[in-house]
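Before any comments, here is the structure.
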2 protein chains.
Amino acid sequence: MEKKVSIKDIAKLLGISISTVSFVVNGKAKEKRISEPLTKKVLELVEELGYKPDALAKSFRTGKTNIIGFLVDDISEPFFSGIARFIDEKASQNGYKIIYSSTRNNKTKAQELLQIFQDRHVDGYIIALPNGLEDEVKSLTMSRKPVVLFDRYFPDIKADYVIINNHEGTFNAVKHLKDKGYRNIGFITIDTIEQQMLDRLSGYEDAIKSEGLKSHVKKLTYGPSSELIQDVSAFLKEEKGLDAIICATNYITMAGLRAIQQLGLKIPDDIALLSFDDFELLEFSAPPITAVAQPLEEIAENIMNLLLKRLNSSKSDEEQFEVVLPTVLNVRSSTVVKL
Amino acid sequence: MEKKVSIKDIAKLLGISISTVSFVVNGKAKEKRISEPLTKKVLELVEELGYKPDALAKSFRTGKTNIIGFLVDDISEPFFSGIARFIDEKASQNGYKIIYSSTRNNKTKAQELLQIFQDRHVDGYIIALPNGLEDEVKSLTMSRKPVVLFDRYFPDIKADYVIINNHEGTFNAVKHLKDKGYRNIGFITIDTIEQQMLDRLSGYEDAIKSEGLKSHVKKLTYGPSSELIQDVSAFLKEEKGLDAIICATNYITMAGLRAIQQLGLKIPDDIALLSFDDFELLEFSAPPITAVAQPLEEIAENIMNLLLKRLNSSKSDEEQFEVVLPTVLNVRSSTVVKL
DNA sequence: CTGAAAGCGCTTACAG
DNA sequence: CTGAAAGCGCTTACAG
């Protein structure tokens, strides 16, 4: 291990000042009107010695860490880890790295984690707003660090958002089922005020209305999966006439699958099943389950593009960006033609 | 936003030197023999003004970033994202943060990523050794930064390891199947020299021998899943007598499920299925699939404990630690009694 | 028991 | 066109 070469070494070897080296290395040779030959000499020596500016010193001096904080409920959830992967790729390409944390539905912990990000001088934040953290995130958006929110929409917080078109997602799901011959389409969601869930519900109801069908909605109370399964079972038994159901989130789909299994029903012969949110299990299920998919890579790309734009613009733009991405309906055998 | 208070502010307000403040803040008051009353005064003012040492300045000065680099094939794989979650929790508790990257099976990229970690002065590394990166990681272990490897074992690299007992995992799987009445147990693996796969194979073969059964091994060539499915199909057709198969990795299990489905076989009546590596899908499959599970939290915990031990011991211990954790067999209906 | 000072490796206004 | 110097906020040997 040779010792790390510093800007001083370069300057000394060439008999010039460190300012000059710094300018050249940072590509400001032209701007600072350093002569061509000197610039070249510096660059050659830099190359030869493999000099790299020390990231720590630079961060300390400039206050920029090139680190972005990524805060979600649980990094091990497929949706979030998928986003994490793409975000890292895009960030790495642009010289940034991601530090992440999972709030695990714990408000105090979430506050601490946000504080840690601040203490570490992250340059920006990517957050799927955790429950109860509205105030903290709101005040964060007031600070000078860019914040991009995704997944959850919260009208009170003015910030950059990347979300999907939930309304359209369920709307199209209903239309798909209608096209395939289903007439009694149920919708199972969770009793909540989260905006994305409300949008999914209204997408369902608008489609039901415009297709001239009858609405069958079940709002579950969030709880352990055994209870969810029971509640779905009860709903299916009550509403005998249903020939299709749409489950509004991945865990409701899980409960739905279990309930259908327990009741001894066949998909899609007895009942069709459609999931909001797509994940590997659905593709390998027997039969494979039709799902409304969120475009992970596009979401990640849009998040990073927004963030990079903010990071690179000195003046804090007042304009607020909201990117709404379309969902994709992955049609599989759980919703084949019913005739 | 008030301006950040620095160590200077504290010192000036109290009319003392910054050295004294620094010592007190870093808990060296006793050691440096600062008087009780002064120590108390300092701590009170620190509390009152909410002074926190600037992490950046500290890192710059000490060379310690309290950041750990986490390098895996793909952070969005359930196994790795699960580890990522637990590692972050443990790390955060100890004042460390994780930056991660996915190598995505790309050697050049992996080298770059390792370089980025170095440039950013991470304090330590957690790595699931990517293919072809043996030399780089080897030389990394020679450096003074602690490195903990996990998941993959590579005998040539002397480092701290946290791995699971693969041999025992398949050994017990075979015994379980024998107990349940299966006699013609096949093993489907991949043709590779990766140590963990070899261990799984030898675990199978040792158990087959000790149980007095006949060995049926298929080594697939790694390729797109459609090919894997075909090859598994072919194997099942060839070996008509099989009443159970063990799939050596999660993606082979996927291929196995598909192949069994395509051949119109019933689990477990026609054939029992057992997966090495457990994941959500298996639990929700119809029927649920028995699996050898890797204890995620324990793995993460052991990784962090090893790393923290290294980080806190000044002298670089020559001793090398290898933690081998037992697997857990999650018995489900895919391997019920055959009578 | 406490303080004055060097220095970590950079960037950047200022001077010439 | 180039250099001397301040300073970012800390830690830590050294001095008294």
Side-chain angles (χ1 to χ4, degrees), chain A residues 2-43 45-46 49-66 95 118-121 123 144 314, chain B residues 2-43 45-46 49-66 95 118-121 123 144 314:
Chain A
E2 319 138 38
K3 243 193 113 184
K4 254 215 121 187
V5 334
S6 83
I7 196 168
K8 256 194 218 159
D9 302 323
I10 305 281
K12 205 177 292 173
L13 281 167
L14 273 107
I16 60 176
S17 83
I18 58 168
S19 329
T20 308
V21 179
S22 172
F23 291 143
V24 171
V25 168
N26 288 304
K28 296 192 183 165
K30 277 263 168 55
E31 183 187 328
K32 294 294 175 179
R33 314 207 297 165
I34 312 289
S35 68
E36 280 267 353
L38 185 52
T39 303
K40 213 177 141 203
K41 259 176 32 191
V42 173
L43 288 176
L45 190 60
V46 163
L49 300 185
Y51 165 70
K52 283 194 192 178
D54 183 86
L56 243 38
K58 208 165 176 165
S59 288
F60 171 53
R61 181 56 232 251
T62 61
K64 265 203 72 180
T65 51
N66 279 29
Q118 259 172 273
D119 293 346
R120 286 186 175 258
H121 300 269
D123 289 343
R144 28 196 35 212
S314 43
Chain B
E2 318 138 37
K3 244 191 115 183
K4 252 213 126 191
V5 335
S6 83
I7 195 169
K8 255 192 217 157
D9 302 324
I10 305 281
K12 204 177 293 169
L13 280 168
L14 255 40
I16 61 177
S17 85
I18 59 169
S19 330
T20 309
V21 179
S22 173
F23 290 142
V24 172
V25 168
N26 288 305
K28 297 191 181 166
K30 277 263 168 55
E31 184 186 328
K32 294 294 176 179
R33 315 209 293 167
I34 311 290
S35 67
E36 280 267 355
L38 185 52
T39 303
K40 214 178 140 203
K41 256 175 37 189
V42 172
L43 288 177
L45 189 59
V46 162
L49 299 184
Y51 165 71
K52 284 192 191 178
D54 183 87
L56 244 38
K58 207 164 178 169
S59 288
F60 171 53
R61 180 56 232 252
T62 60
K64 266 203 71 180
T65 52
N66 279 30
Q118 260 172 272
D119 293 347
R120 286 186 174 257
H121 299 270
D123 289 343
R144 27 194 36 214
S314 43

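Below, chain A is the first sequence line, B the second, and so on; all start at residue 1. Quick note: numbers below take in every heavy atom, side chains included, and nothing from hydrogens, waters or symmetry partners.
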Side chain to side chain contact (heavy atoms under 4.5 Å, CB included) assessment of A:I16 paired with A:V42: CA-CA 10 Å; A:I16 60 176; A:V42 173; 3.8 Å; yes
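Within the structure, every side-chain polar atom (N or O) of B:K52 is placed at least 4.0 Å from both OP1 and OP2 of D:dG9. Between A:T20 and the phosphate of D:dG3, there is a side-chain N or O to OP1/OP2 separation shorter than 4.0 Å. Look at A:S17 and you won't find any side-chain N or O under 4.0 angstrom from OP1 or OP2 of D:dA4. Within the 4.0 Å cut-off from OP1 or OP2 of C:dT11, at least one side-chain nitrogen or oxygen of A:K58 is found. For D:dT2, the OP1/OP2 oxygens have a side-chain nitrogen or oxygen of A:S35 closer than 4.0 Å. In terms of phosphate contacts, B:S19 brings no side-chain nitrogen or oxygen within less than 4.0 Å of OP1 or OP2 of C:dT2.
With a cut-off of 3.5 Å on both Watson-Crick or G-U wobble distances, the partner of D:dC1 is given as C:dG16.
We find that the ring of B:F60 and the base of D:dC8 do not stack by the test of centres under 5.5 angstrom and planes tilted less than 30°.
Nearest nucleotide to the side chain of A:A57, out of D:dC10, C:dT11, C:dG9: C:dG9. Closest to the side chain of A:I34, out of D:dT2, D:dC10, C:dT11, is D:dT2. For A:K28, the listed nucleotide lying nearest its side chain is C:dT12; candidates were C:dC10, D:dT11, C:dT12.
Atom P of nucleotide C:dT12 and atom CZ of A:R33 are separated by 19 Å, given to the nearest angstrom. Between the CG atom of A:L38 and the C1' atom of D:dC1 there is a distance of 9 Å, given to the nearest Å. For the pair A:R61 CZ and C:dG7 C1', the interatomic distance rounds to 15 Å; values are reported in whole Å. Computed from coordinates, the B:D9 CG to D:dC10 C1' distance equals 13 Å when rounded to whole Å. Atom CG in B:D54 sits roughly 10 Å away from atom P in D:dT11 (whole-Å rounding). Atom-to-atom, CG of A:L49 to C1' of C:dG9 comes out at 16 Å; the value is rounded to the nearest Å. The CZ atom of A:F23 sits 8 Å away from the P atom of C:dT12 (whole-angstrom rounding). One interatomic measurement links the two molecules: CG of B:L56 to C1' of D:dC10, which rounds to 11 Å at whole-angstrom precision.
Distance check, rounded to the nearest 0.5 Å: NZ of A:K41 to CD1 of A:I34 gives 12.5 Å.
Side-chain contact between B:L13 and B:L49: present, with at least one pair of heavy atoms (C-beta onward) separated by less than 4.5 Å. Residues A:S22 and A:I7 have side chains in contact (heavy-atom distance under 4.5 Å, counting atoms from C-beta outward).
Counting non-hydrogen atoms under 4.0 angstrom, A:K64 reaches nothing in the nucleic acid. Using a 4.0 Å heavy-atom cutoff across all strands shown, A:I18 reaches at least one base atom of the nucleic acid.
The number of heavy-atom neighbours closer than 6.0 Å to NZ of B:K12, taken from other residues, nucleotides and ligands shown, is 12 or below.
Across all their heavy atoms, A:T65 and A:H121 have their closest contact at OG1-O, 2.6 Å.
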